[in-house]
Amino acid sequence: MLITEEEVPQDIFLGDLNGAQYQAVTASAQRLLVLAGAGSGKTRVLVQRIAYLLTQCGVLPHQLLAVTFTNKAASEMRHRIEKIVGNSSARLWVGTFHGLSHRILRTNAARANLPENFQIIDADDQLRLIKRLIQERGWDDEVCDPKRAMGFINRHKDEGKRANALGISSVPEVAMFTELYRLYEQHCQRTAVVDFAEILLRAYELWRDCPDVLTQYQQRFKHILVDEFQDTNTIQYAWLKLLCGTESNMMIVGDDDQSIYGWRGAKIENIHRFHKDFTDVVTIRLEQNYRSTSTILAAANALISNNASRLGKELWTQGIQGEKLTLYGAFNEIDEARFIVERIRQWCHGGGSFEDIAILYRSNAQSRVLEQALRQANIAYRVYGGLRFFDRAEIKDVLAYLRLLVNLNDDTAFERVINLPPRGVGERTLASIREIAKEKQISLWVAAKSYLPTIPLGRISNGLRQFFECVEDMLTQVNMLALSELMQYVLQKSGLFIYVKTQPGERTQARIENLHELVQAAGQFSNSHDEMYEQTSTHSSETLPSFLSEVALDAGDRDTEDGVCIKLMTLHSAKGLEFPLVFLTGMEDGLFPHHRCFHDRALLEEERRLCYVGLTRAMRKLYLTYAEKRAFAGLSGANRPSRFIDEIPTPLTESVNLNAKMPLPTSPAKRRTSPDALEDDFPFQLGQRVKHQRFGEGVILSGDGAGETARVQVNFAKEGKKWLVLAYAKLEPVEQ
DNA sequence: AACCATCGACTTTTT
DNA sequence: GTCGATGGTT
């Protein structure tokens, strides 16, 4: 019943691009800036341009580099390119900044001053390591807050600054963090691990310090295309600038109004710097929106116009005006959830599907109440952005063993598994081992080995010895077993599997399943690895290191299609997505915009951009809800509606129930769905002849609902009786 | 060394 | 309200 226009096969026929899109796809300018508004066909332009370069301009696949921020975006782009140009896309580089940098570091490890077997640590490992270093240095956690220290280190790496470049600060805390930064650098180098920020910084430094390596890449990549450019940070910009040099072509695509990662170091100013650093930049604006109703766009445009210093851009559409935004002031957060459930039902009653719907919120904690309400109402839902697959504890435990097999000096991995499953090696023993490691500047593994003969026989020495035997035995298997077999072997031999199985708790079953999935993932990895290199890997000495890298750089939350369900996520994770029906919840001053942003204009503007992102996710219908009272973080507070609501012109909105003090047993909304009569503004009459694109001509038999959920029953000459949602069906009246 | 209870903190999170 | 870290107890 629902026909989406998206099914139309992609080709490089350029006629169905609009003027601006066509310009962007075919521009010959060496430096191209595409300001792509929400829903303006940004990805399409990127993909088409690549196809255009390959097929029309004689550019070879290996001369192209497309950079994105997420693996998801990268793989989507790759698939769409493949659809058009086929397997000649194999030599094309499409990837994330991190993925590409990692690849460059692997091929040039020695030149980058990295051991061949270096491994990647994630944020969690990084924090553990920093904590340990703080302890070792003899500082107090209270004085030297590990999280802030980590922020300090990462911030500086993102800015391209090494500890040595920081100088000596007279501010004690800065001096302390700087020293820790230096210790951290040394430790990572010694144990051959790199964190996320390091991957980028190293790749940048490699190019900066080895002109021959840089030249090689510069000569290869004639065309560089960058997606979501507004999210680039200082080091990523420097990376691009260096790689591009003076000869290569670069197209950057972005939207300053959707920059929502400033707090992570993203610099909108990079768009201005692009203008300054490169001459003759041609700017193209994609402002025609193919996603939302004109009402939704008007609201979004009005909101974002409150931000100063924009590059300037106004979305417009040829599409329908659609329904007004609905504003609901709930009594409390439970009432808010109740209202949402009711409107979800209404949508579905009108022929809509759960799949159309997203509920967005500012912070993850807000999902709980919503989930409760949805569960009670028996509505299938999925919460996005929770713990990612490879971040799960049981997964990371197995991976830590595997990491040790690649590099025995990986202290982070050692710490994780030395007493897992528990084998009697506790905090005390570990402290002694750390002490030795610190004194002799050796890894924990080596330190523990030298420590073992010095302790009396007993529980501790048994545990340690057992650990060594276990890991060394696994080590001999690396050259014998395929990756997934090795993983199973590790699970058995370490005792992890039994341990997980026998641990009490509700999550046991899920954990076991996760472990099975990991083994499966390993099998899949070796298969695709073999395909790529046209070989059969009988052992994992080769596949294991690449598997670990891949896993570290990929969250692994593949889009598992788990049925028809509504989606719950933060505004941040909604960026880039679209949904017919969107609920923007918790629209309260203090929550959104967050109270921590009140005092700072720049922060407040980022919140406003976040709101803009939220509004522009909606295709057909948008609800904004807030709760006058909300229990949050254990305490309840009274809230004013978000200032962002005030920034949306009132003619674009309709308020429901704004003065309700109690949840009403029957809300006015229920009455609107009554099927007994067609509403006044219903665009069709009973008995009217209509024409449908696919079903042909027919007669309206009946109808119900209103506005976006309005639907009609049509008796088609060929297809018989069908219910159609007016918003989708694009029925045309037939003159009689 | 392992376990349990109490305390406190609490935006957002592509890699 | 819930998670994680910490500290005291067994």
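Being a predicted model, the structure only gives us computed values, none of them experimental. The chains referred to below are lettered A, B, ... by the order of the sequence lines, with proteins before strands, and numbering in each begins at 1.
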If you restrict it to nitrogen or oxygen atoms, what contacts under 3.5 Å exist between nucleotides 1-8 of chain B and the protein, and what is each distance?
residue: B:dA1; atom: OP1; partner: A:Gly426; partner atom: N; Å: 2.5
residue: B:dA1; atom: OP1; partner: A:Gly426; partner atom: O; Å: 3.4
residue: B:dA1; atom: OP1; partner: A:Glu427; partner atom: N; Å: 3.4
residue: B:dA1; atom: OP1; partner: A:Thr429; partner atom: OG1; Å: 3.4
residue: B:dA2; atom: OP2; partner: A:Asn419; partner atom: ND2; Å: 3.1

| said: Would you say that A:Leu615 contacts A:Leu624 through its side chain, given a criterion of any heavy-atom pair below 4.5 Å between the two side chains? | reply: yes
| A:Ala552 or A:Glu607: which one's nearest nucleotide on DNA chain B is closer to the 5' end? | A:Glu607
| field | A:Thr570 side chain near B:dT13 phosphate (N/O to OP1/OP2, under 4.0 Å) | value | yes
| said: According to ring-ring contact (aromatic ring centres under 6.0 Å, His included), who are the partners of A:His187, at least two apart in sequence or on a separate chain? | reply: none
| note | Sequence neighbours excluded, the answer for side chain to side chain donor-acceptor pair (under 3.5 Å) partners of A:Thr191 is none
| remark: Ranking B:dT15, B:dT12, C:dG1 by distance to the side chain of A:His572, first place goes to B:dT12
| Heavy-atom distance under 4.5 Å between the side chains of A:Phe583 and A:Leu360, does that happen here? | no
| field | Whole-Å P distance, C:dG4 and B:dT13 | value | 16 Å
| task | Compare all side-chain heavy atoms of A:Gln258 with those of A:Glu228 and state whether any distance is below 4.5 angstrom. | result | no
| query | Is A:Asn364 touching bases, backbone alone, or none of the nucleic acid, heavy atoms closer than 4.0 Å? | reply | sugar-phosphate
| said: What contact category does A:Phe97 fall into here, base, sugar-phosphate, or nothing, at under 4.0 angstrom with non-hydrogen atoms? | reply: nothing
| task | Run the ring-centre check on A:Phe177 versus A:His156 and record whether the distance is less than 6.0 Å. | result | no
| task | Determine if A:Trp263 stacks with B:dT12; use a centre-to-centre distance below 5.5 Å and an interplanar angle below 30° as the criteria. | result | yes
| Nearest-angstrom distance from the residue atom NZ of A:Lys131 to C1' of C:dT6 | 11 Å
| request: Could you tell me the separation between the CZ atom of A:Phe69 and the P atom of B:dT13, rounded to a whole number of Å? | output: 16 Å
| query | Nearest-Å distance, CZ (A:Arg128) to C1' (C:dG4)? | reply | 12 Å
| Spatial distance of atom CG (A:Leu133) from atom CZ (A:Arg434) [nearest 0.5 Å] | 10.0 Å
| message | Between P on C:dG1 and CZ on A:Arg630, what's the gap in Å once rounded to a whole number? | response | 15 Å
| note | Considering only heavy side-chain atoms of A:Arg368, the closest of C:dG1, B:dT13, B:dT14 is C:dG1
| request: Whole angstrom is fine here: how far is it from CG in A:Asp231 over to P in B:dT15? | output: 12 Å
| said: Can you see if the side chain of A:Arg264 gets near the phosphate of B:dT14 - specifically, an N or O under 4.0 Å from OP1 or OP2? | reply: no
